[in-house]
2 protein chains.
Amino acid sequence: MSSPQTGAGDPRRSLELLWREGGAQEGRPGPKPRFTLDQVVATAIALADRSGVTALNMRAVADELGTGPMTLYRYVPGKAELVDLMVDRATEPSPEELAVTGETWREHLALLAEGTWDGYAAHPWLLELNQRRPVLGPGSLAGFDWALRAFEGHDIPGREQNLIITGVMSIVIGAARDHLIADSSDTPPPTTESEWWAAQEPYLIRASESGDYPRLAAVSNEEDAWSFQGREAMRFALDAFLDGVQARWSLDQ
Amino acid sequence: MSSPQTGAGDPRRSLELLWREGGAQEGRPGPKPRFTLDQVVATAIALADRSGVTALNMRAVADELGTGPMTLYRYVPGKAELVDLMVDRATEPSPEELAVTGETWREHLALLAEGTWDGYAAHPWLLELNQRRPVLGPGSLAGFDWALRAFEGHDIPGREQNLIITGVMSIVIGAARDHLIADSSDTPPPTTESEWWAAQEPYLIRASESGDYPRLAAVSNEEDAWSFQGREAMRFALDAFLDGVQARWSLDQ
DNA sequence: GGTATCCGAGTACGATGTACTCAGTTATAG
DNA sequence: CTATAACTGAGTACATCGTACTCGGATACC
């Protein structure tokens, strides 16, 4: 029942941590830290990947590192800021991803969508966070900068470039939220996707038959009305959106 | 640092509560309940509207009602289920909204988008929730059924109707998340939208100047690259998406 | 009126984030 | 080489929040 909120951390602290390039401070008295910030963040991400967001708490991360809960506070000001760091790190495009570029603007944006989708598939806890405003770190900026490659050589105002990329991201995140939330293995109740719909079904049938939702009933009568996978839903909306974008600027692919 | 997760409640319990039409049980021994489930839910919504999701806890809701925390558990099995009820109630279209219909399918979907946007503006805590799979109650179904009116008289398969509506919702929610999250008045740190960006600015400038993000730097140089309001961003993506939908089925508006 | 049932409230416990403290360690100054 | 100063890691403890358990009292049916 408890989960962190991204961006709830003091943005100043999060940004400071995000942007200080692992600056190993030299020439300081005292022992060397036993861990690095990167290690802490990586451990927390691994834990979240494995056990979901509800299992992500300071004691668990500390256990994973073989230390006490309070030791973590030597590296991050609090849990909220740790989550900010996790998000930026998990959002960072890999070198392989950075190396790829779509042949056309449209193909590039499709790659952006697919890559983002894959990212959520690998780190479903990202979807479970309360993402408020994004904390912009090196990872997110690298991703955004890569996305902007789509428009190189085209004459589109920066404002519209932003709006287009934002639109793509909204579509991907929306579809991912609907279809990709893996009920983190060990959060009770362990309701799988099928159990979920099985529980709803009797009520939906009754609702259909009640006559209160005539259009819903009509649609539900069609055989495959609800039979689409997440990636499909994402592609559908994405393609329509990009069709519209293409027409709007008479873009040559 | 703590917040509820929608859909984390046992769906069976939530659904049962959602669909039992305030069935006042008659002829039972024992005193009459002091409150109704509706009252509890309405109180919780009012509290969340006023103070945000972090202030929404069982003790606070109980205080609001002038009773003890445990009394609430006579009406709901737990906080998660209460939140499910709140979501469905807050999502329910008002009678006035239900009465309106767009002249064209496109206008209807635009009304859907605007109405949803307004709903998030009125209940920003909806955006702060970890919405997992939706728990379908009378409110959500009524909203969906209303949305489906867009396609009455058109020959579009139900599956595509669903996909289109889902796409619209993704776009609205994405834009709302980016622009509408009102940092709930009293959650620390009380960072407003402008403070937020002010904190990020120096890092963004340094990032731009570092040369690591050349495309981002180019875009940021344009005067109004980031100057759009949320509703604008939503309309932009929505219009492009609907353009694409329209072309795809050669829809006559 | 007896009785079965249900309501409201109080007490208390477990989980979790984190403030505070202190002993031990180690890089630098002399 | 030694003294010093700062910093690290760990432990203890408290506040918050969800909620299990329990019981006295009220109420409708027989």
Side-chain angles (χ1 to χ4, degrees), chain A residues 1-6 8-10 13 23-37 39-40 43-44 47-48 51-84 130 186-189, chain B residues 1-6 8-10 13 23-37 39-40 44 47-48 51-84 86 130 186-189:
Chain A
M1 269 311 300
S2 180
S3 74
Q5 300 184 213
T6 312
D10 186 338
R13 307 300 309 274
Q25 283 113 345
E26 296 293 330
R28 303 255 297 277
K32 291 273 174 271
R34 199 168 126 201
F35 312 106
T36 64
L37 179 55
Q39 256 179 307
V40 172
T43 303
L47 178 63
S51 310
V53 96
T54 56
L56 182 76
N57 61 64
M58 299 305 262
R59 279 170 237 266
V61 176
D63 276 356
E64 202 91 356
L65 286 166
T67 184
M70 290 318 292
T71 299
L72 299 179
Y73 289 87
R74 293 275 165 200
Y75 300 88
V76 291
K79 186 182 176 186
E81 287 82 5
L82 173 58
V83 173
D84 283 341
N130 291 324
D186 37 23
T187 62
Chain B
M1 265 314 299
S2 180
S3 75
Q5 300 185 211
T6 312
D10 185 338
R13 308 299 309 275
Q25 283 112 347
E26 295 293 331
R28 302 254 297 278
K32 292 275 175 268
R34 197 169 127 200
F35 311 105
T36 64
L37 179 55
Q39 256 180 306
V40 172
L47 178 63
S51 311
V53 98
T54 55
L56 182 76
N57 61 64
M58 299 306 261
R59 280 169 235 264
V61 176
D63 275 356
E64 202 90 355
L65 286 165
T67 184
M70 290 319 292
T71 300
L72 299 179
Y73 289 86
R74 292 274 167 202
Y75 300 88
V76 291
K79 186 182 175 183
E81 288 80 6
L82 172 58
V83 173
D84 284 340
M86 292 170 64
N130 290 324
D186 38 23
T187 61

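So you know, we letter chains A, B, ... as the sequences are listed, proteins then strands, and number each from 1.
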(message) Using whole Å, what does the distance between atom P of nucleotide dG11(D) and atom CZ of R74(A) come to?
(response) 14 Å

(message) Any non-hydrogen side-chain atom of M58(A) less than 4.5 Å from a side-chain atom of Y73(A)?
(response) yes

(request) Would you tell me if any nitrogen or oxygen in the side chain of T67(B) comes within less than 4.0 Å of OP1 or OP2 on dG8(C)? (result) no

(request) Figure out the CE/C1' separation between M70(B) and dG8(C), and round it to whole Å. (result) 11 Å

(request) Please report, rounded to the nearest Å, how far the P atom of dG9(D) is from the NZ atom of K32(A). (result) 12 Å

(message) What's P31(B) touching, base or sugar-phosphate or nothing? Going by heavy atoms closer than 4.0 Å.
(response) base

(message) Name the residue from V61(B), L37(B), D84(B) that meets the side chain to side chain contact (heavy atoms under 4.5 Å, CB included) definition with V76(B).
(response) L37(B)

(message) By nearest heavy atom, map R34(B) and P69(B) onto DNA chain C; which one lands nearer the 5' end?
(response) R34(B)

(message) Please classify the nucleic acid contact of R59(A) as base, sugar-phosphate, or nothing, using heavy-atom distances under 4.0 Å.
(response) base

(request) Kindly point out which of dT18(C), dG8(C), dT19(D) is positioned nearest to the side chain of T71(B)? (result) dG8(C)

(request) Provide, to the nearest angstrom, the distance between the CZ atom belonging to F35(B) and the P atom belonging to dG8(C). (result) 7 Å

(request) To the nearest Å, give me how far apart NZ (K79(A)) and C1' (dC17(D)) are. (result) 14 Å

(message) Within the 4.5 Å heavy-atom criterion, are T71(B) and F35(B) side-chain neighbours or not?
(response) yes

(request) Enter the distance from R59(A):CZ to M70(A):CE here, rounded to the nearest 0.5 Å. (result) 9.5 Å

(request) Could you check how far CE of M58(A) sits from P of dT12(D), rounded to whole Å? (result) 19 Å

(message) Rounded to whole Å, please give me the gap between OH in Y75(B) and P in dT19(D).
(response) 18 Å

(request) Using atom CG of L37(B) as one end and atom P of dC7(C) as the other, report the distance to the nearest whole Å. (result) 13 Å

